[in-house]
Amino acid sequence: MQRYTEGQYTNWQKISLPKNFSLERTLTCGQTFRITEKGGTFIYVRGQSVIALRTEKDGLLFSVYGENISKEKLKEILGINDDIERINRELIKRVPQFAKVIDDTLGIRIMRQEPFETAISFIFSVQSAIPLIRRRLDALAKIAGKEIETPFGTFNLFPASSALKSLSKEEIKSLKLGFREKWFEEFTEKYDEKKMNVIAKLPFEEKEKALLKIKGVGIKVAHCIMLFSMNELSAFPVDVWIKRGMEKLFGIKGTTQKITKEGRNLFGPFAGYAQEYIYFYMRR
DNA sequence: TGACAGGAAAATA
DNA sequence: TATTTTCCTGTC
């Protein structure tokens, strides 16, 4: 086990705080799951790192345990490099009445995560609420991920694909995935990082088609994977909250497929941001 | 304790 | 091709 103790390794680094950035909203709006908060400090377990984050008056402080993450990489992960003013202007230009939704949800950024962890997270998410998804991911990490001790507690990192390929039936059963179990098994058996990286670089339509071939990945999960881990800001994942929001705000209703298409047409290249705003707006 | 929440896949029309 | 049914765990 890798151990870190307070003082010795707690090495806070600082990023100047961007305008219109909310650490809390970004981390807790359902795009990522392994987050805990203690006294204003957020602990975000991601890939092979544990990242502690807190905002102060003039900056964002962070310290990393496990695999190192540079300042630049962290800014990318948190969507800080996105030109949010321009994105919001573009959304309002297309849909003027959306300004009030943006006002209420300001500060959310689209995070940039890894396809492997994101795909498993959203296969786990099918017909499930956020706390349940999180418990499943923690259970999986506990079984197959490396343990790491930090000043903030002990965590298990996300398992490597090789570790998931060698899980026993009993271990898989213990995750209580229900009908998602066979999808998870097939995904880990077939997973090939190189192939996933190729998919990540395909044009939007081909990318969507390739993801939909994965068992357990339908249109909503495919759009989550594209938006949160493949840099497709026009992806528009439609779940029950987005269905409710699209009907309430715009009178648009119908199948997931129809709302996905209409949402993308309505909001354009940054539809993914609009989607996160609607999600947060409807759940708050 | 039965109703309800939550997407994908398979079955059916 | 479009709609309906089934799948499972957990909460209230």
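Letters A, B, ... mirror the listed sequences (proteins, then strands); counts begin at 1. All values below were derived from every heavy atom in this structure, side-chain atoms included, with hydrogens, water molecules and symmetry-related copies excluded.
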Nucleotide N/O of nucleotides 7-13 of chain B paired with protein N/O under 3.5 Å:
unit_1	atom_1	unit_2	atom_2	d
B:dG7	OP2	A:V240	N	3.3
B:dG7	N7	A:Q127	OE1	2.7
B:dG7	O6	A:Q127	NE2	2.7
B:dG7	N1	A:Q127	NE2	3.2
B:dA8	OP1	A:G218	N	3.2
B:dA8	OP1	A:G218	O	3.4
B:dA8	OP1	A:K220	N	3.4
B:dA8	OP1	A:V221	N	2.8
B:dA9	OP1	A:G216	N	2.5

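- Spacing between atom CD of A:Q257 and atom P of C:dA2 amounts to 8 Å, rounded to whole angstrom units.
- For A:R136 and C:dT11, the CZ to C1' distance is 13 Å, given to the nearest whole Å.
- In this structure, A:R284 is positioned above the aromatic face of A:Y281, its NZ or CZ under 6.0 Å from the six-membered ring centre and within 45° of the axis.
- In this structure, A:F152 and A:W12 have perpendicular ring planes: the angle between them is above 60°, well past the 30° mark.
- Aromatic pair A:F122/A:F33: centroids less than 6.0 angstrom apart.
- Checked for salt-bridge contact, A:R94 and A:E90 meet the test: a charged N lies under 4.0 Å from a carboxylate O.
- One interatomic measurement links the two molecules: CZ of A:F124 to C1' of C:dC8, which rounds to 14 Å at whole-angstrom precision.
- At a cut-off of 3.5 Å, with distance as the only test, a side-chain donor of A:Q113 or A:T32 sits close to an acceptor on the other residue.
- Checked for salt-bridge contact, A:E181 and A:K173 meet the test: a charged N lies under 4.0 Å from a carboxylate O.
- Whole-Å rounding puts the A:L132 CG to B:dA5 P distance at 16 Å.
- In this structure, A:L175 atom CG and C:dC8 atom C1' are separated by 14 Å, rounded to whole Å.
- Side chain to side chain, A:K220 and A:T260 fail the donor-acceptor criterion of an N or O pair below 3.5 Å.
- Toward the 5′ end of DNA chain C lies the nearest nucleotide of A:T255, the other residue of the pair A:G178 and A:T255 mapping further downstream.
- Residue A:R244 places at least one side-chain N or O under 4.0 Å from the OP1 or OP2 atom of B:dG6.
- Separating the NZ atom of A:K173 from the P atom of C:dC8 is a distance of 9 Å, rounded to the nearest angstrom.
- Between A:R135 atom CZ and C:dG10 atom P there is a gap of 7 Å when expressed in whole angstrom units.
- Here B:dG6 presents its C1' atom at 16 Å from CD1 of A:I123, a figure rounded to the nearest Å.
- Considering only side-chain N and O atoms, A:R283 lies nowhere under 4.0 angstrom from the phosphate OP1 or OP2 of B:dG6.
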